[in-house]
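Only one structure is covered here, and it is reproduced in the block below.
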Amino acid sequence: MNETIRVEELFGKNVFTISKMKERLPKSVFKNVMNVMNNGGELSRSDADVVAKAMKDWAVENGATHYTHWFQPLTGITAEKHDAFVSTPDDEGHMVTSFSGKDLIKGEPDASSFPSGGLRATFEARGYTAWDITSPAFLKESGTGVTLCIPTAFCSYTGEALDKKTPLLRSMEALETQALRILRLFGDTAATKVRASTGAEQEYFLVDKEKYLKRPDLIFTGRTLFGAPAPKGQEMEDHYFGVIRERVGEYMKDLNIELWKLGVPAKTQHNEVAPGQHELAPIYETANLATDHNQLVMEAMKRVAAHHDLRCLLHEKPFAGVNGSGKHNNWSLSSDTGVNMLDPGASPERNIQFLLVLACILKAVDVHADLLRQSASDVGNDLRLGANEAPPAIVSVFLGEQLEDVVRQLVETGTADSHIEGGMLRTGVSTLPDIAKDATDRNRTSPFAFTGNKFEFRMVGSADSMAGSTTVLNAIVAESFCEAADVLEAAEDFPMAVHDLIKQYFTEHQRIIFGGNGYAPEWVEEAARRGLPNIPSTIEAAAALTTDKSVALFERFGIFNRTELQAREEITYETYAKSINIEALTMLDMAGKQIIPACMRYERNLADTILVVKQVGAPCEAETRRLYELAGHIEAAQGALESLRELVNAASDHERAKDKAFYYKDVVIPAMNALRRPCDALEMLVDKSAWPFPTYEDLLFEV
Ligand code: ADP
Ligand code: MG
């Protein structure tokens with residue numbers, strides 16, 4: 001019998017929620033905290049002391065011994081340095097737990113061990129973490145006990161962002177300012193805030209722990225570097241939404257409990273396309289909170305897996321030839337008065353506001369397609385994009401039939417004759433009123449799809465943070481809102497001007513709209529004809545960060561300065577070179593110490609067999625042919641191994657991070673592929689019991 005799970009009781013149990021603050025803080029302090037939370041600014045030192053004390057008492061009552069400033073450095077994962085709640089013992093040796101307002105608000109981890117892309121050389125190594133008061137503190141239960149985690153932003157001494165959170169927060173503010181201008185144009189005087197919301201659908205694989213531990217590639221790189229395809233893949237489509245297996249079900253149950261306690265609104269779970277692949281989707285939240293929560297989801301997925309003798313793979317492409325894992329960033333914009341600016345709404349005025357918002361988004365995505373592509377790039381995603389069941393590396397927008405039709409009419413026949421009539425705006429397009437939600441079918445192949453009242457950016461990789469793609473989305477839309485508001489605020493005839501602007505944006509940027517099959521090779525050609533960028537790799541995408549266009553965008557809204565962007569580009573190259581280097585070394589290790597020796601032992605067996613069979617005078621053509629085939633592949637594997645080794649050694653000839661990264665992409669990766677091919681062929685020839693590690697079959701079908 002299952003024990004009863006009461007979600008209402010569990011939810012937020014480990015979070016220092018607003019209601020807990022209300023309960024534990026003096027009224028005046030609580031009011032000040034809410035004020036800073038809603039309107040920005042800083043807590044006074046004395047208030048911070050009071051909050052810190054209440055937070056510590058709550059944490060200690062719930063078993064916490066340590067606290068940490070929890071932050072998101074440019075490694076893409078979260079970092080934490082635990083400090084115990086202890087101070088110097090008193091004269092009689094009593095320990096007094098301590099945690100001050102200063103401890104809460106500011107931390108000083110040594111920045112020098114995190115990637116800084118040169119920011120470190122230019123500035124001081126010192127880094128500061130600062131409490132993001134809009135994301136609540138929480139307790140993490142793990143092997144180290146219970147730790148109070150304080151979500152923070154991480155900056156250098158001179159204020160450069162060393163993390164992913166700071167630019168995200170900056171981009172949210174920029175977008176809010178510009179979105180409010182748009183709302184005001186349409187007569188909305190009530191809204192005072194507009195927040196980007198995101199919901200992260202998270203895909204992942206589960207594999208058996210024992211099997212995982214026999215694969216150095218999974219251990220060191222998170223993906224398989226060798227492996228012949230299993231006889232059955234995902235072609236039967238019987239796994240997607242299939243019945244969840246018992247062991248996986250138990251895992252999902254525990255994962256949900258873990259997440260609910262952390263205040264993560266985990267909602268949907270199902271099997272994904274590939275065998276062994278699953279998905280979890282939470283209910284969407286304000287973007288910075290959703291970003292923090294997605295990090296917690298990824299951490300919890302790994303932690304809970306260990307309790308079930310499983311391992312969770314978050315890599316974008318753990319298995320060649322099988323569906324990869326993505327993270328769909330569902331993005332929308334809502335005001336504090338409850339208006340979702342991406343909701344077409346029922347009334348024509350709202351439709352016009354919606355059409356302007358849509359036109360601005362299309363423009364933003366078209367103008368900054370390279371940047372959006374970059375925001376979804378990471379080393380693992382290079383293998384996913386454009387492969388099985390994943391969007392290609394080309395950014396395009398899916399609107400659905402009805403909206404596409406509206407755009408087409410506006411572009412083709414729309415005349416600037418709109419006028420106010422009986423208090424209603426008309427646009428001269430007959431189909432405009434009542435753009436119904438879900439009026440059209442879905443298109444799973446589109447990288448950026450309108451899905452009723454939100455956009456779903458599906459390019460993002462499963463292991464990536466939500467921060468990068470959300471920051472770029474916020475920034476590019478802030479820019480086009482700003483440009484539209486500049487025009488419209490100055491217009492004498494607003495209805496006319498807004499109509500003209502919508503038509504202009506749709507006309508100029510319609511090339512970005514694509515409703516066809518994004519997985520088809522024809523789309524690649526068509527996109528090239530349209531002049532849309534197709535940027536295949538992470539390191540080619542990195543240059544988009546520092547174009548004049550990009551620097552102008554980010555500096556204008558105070559999201560990144562040029563130095564911060566250069567740092568991020570540099571880190572991309574460094575990370576790429578290091579990652580591929582580890583993969584290459586792991587391949588050399590596995591092929592050199594496991595695969596080739598195992599094959600040689602089998603070769604010897606086979607040769608012995610042939611001798612014996614020959615001695616007794618029986619025919620042995622089959623054995624001989626097999627031996628020749630085997631020897632051929634061993635020869636090829638050994639040759640490929642030697643050349644890969646040489647090429648990896650030569651990588652140190654390149655000093656600049658960018659040169660090195662491109663060397664790994666253009667020279668080392670082909671050599672890795674050349675080694676994989678004969679090894680995978682050998683797997684198909686060698687006695688299964690002699691193969692040194694679990695195969696795709698074992699990993700994918702036996703969880
Ligand atoms: P779909 O089936 O279209 O992918 P779901 O309704 O299951 O849609 O939503 C997928 C994700 O999108 C969930 O995380 C959900 O919370 C999120 N989502 C739904 N509506 C919005 C919205 N208005 N803004 C942002 N995210 C949203
Ligand atoms: Mg979806």
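All ligand and atom numbering here is 1-based and tracks the order in the structure. Here the structure is a predicted model, which means the values were calculated and not measured.
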Practice task
Just go through Asn294, Asn330, Leu333 and tell me whose heavy atom is the nearest to atom 17 (C) of ligand 1.
Solution key: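 Among Asn294, Asn330, Leu333, the closest heavy atom to atom 17 (C) of ligand 1 belongs to Asn330.
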Practice task
Report the part of Leu342 (side chain from C-beta onward, or backbone N, CA, C, O) that has a heavy atom under 4.0 Å from ligand 1; answer both or neither where that applies.
Solution key: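 Neither part.
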Exercise for the section: Check Glu201 against ligand 1 and report side chain, backbone, both or neither, counting heavy atoms closer than 4.0 Å. Expected result: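 The answer is the side chain of Glu201.
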Evaluate the side-chain proximity of [Y] to [X]: yes if any heavy-atom separation is below 4.5 Å, no if none is.
{"X": "Trp70", "Y": "Asp292", "value": "yes"}
{"X": "Tyr505", "Y": "Val407", "value": "no"}
{"X": "Phe481", "Y": "Val194", "value": "no"}

Problem - Under 3.5 Å side-chain donor-acceptor pair for Ser332 and Asn453 - result: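 Checked: Ser332/Asn453 side chains show no N/O donor-acceptor pair below 3.5 Å.
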Handout entry: Polar contact flag, side-chain donor to acceptor under 3.5 angstrom, Thr134-Asn288
Key =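 Yes.
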Problem - ligand 1 contacted by Thr268 (non-hydrogen, < 4.0 Å) - result: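 In this structure, Thr268 fails to qualify as a contact of ligand 1 - no heavy atom is under 4.0 Å.
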Exercise for the section: Would you check whether Glu456 reaches within less than 4.0 Å of ligand 1, judged by its heavy atoms? Expected result: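 The answer is yes, since Glu456 has a heavy atom less than 4.0 Å from ligand 1.
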Practice task
Compute the shortest N/O to N/O distance between Tyr284 and ligand 1 and return yes if it is under 3.5 Å, no if not.
Solution key: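 So ligand 1 has an N or O lying under 3.5 Å from an N or O of Tyr284.
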Suppose I only count heavy atoms of [X] and a 4.0 Å limit; which atoms of ligand 1 are within that range?
{"X": "Pro282", "answer": "13 (C), 14 (O), 15 (C), 16 (O)"}
{"X": "Gly199", "answer": "14 (O), 26 (N)"}
{"X": "Asn340", "answer": "23 (N)"}
{"X": "Ile283", "answer": "16 (O)"}
{"X": "Asn453", "answer": "23 (N)"}

Handout entry: Lys/Arg-Asp/Glu bridge criterion (N-O < 4.0 Å) met for Arg181, Asp486
Key =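 Yes, this pair counts.
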Handout entry: Pair Glu564 + Arg568, salt bridge at N-O below 4.0 Å
Key =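 No, no charged N to carboxylate O under 4.0 Å.
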Practice task
Quickly, which of Glu479, Glu483, His368 forms a side chain to side chain donor-acceptor pair (under 3.5 Å) with Lys363? Name it, please.
Solution key: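 So, applying the side chain to side chain donor-acceptor pair (under 3.5 Å) to Lys363 and each of Glu479, Glu483, His368, only Glu483 qualifies.
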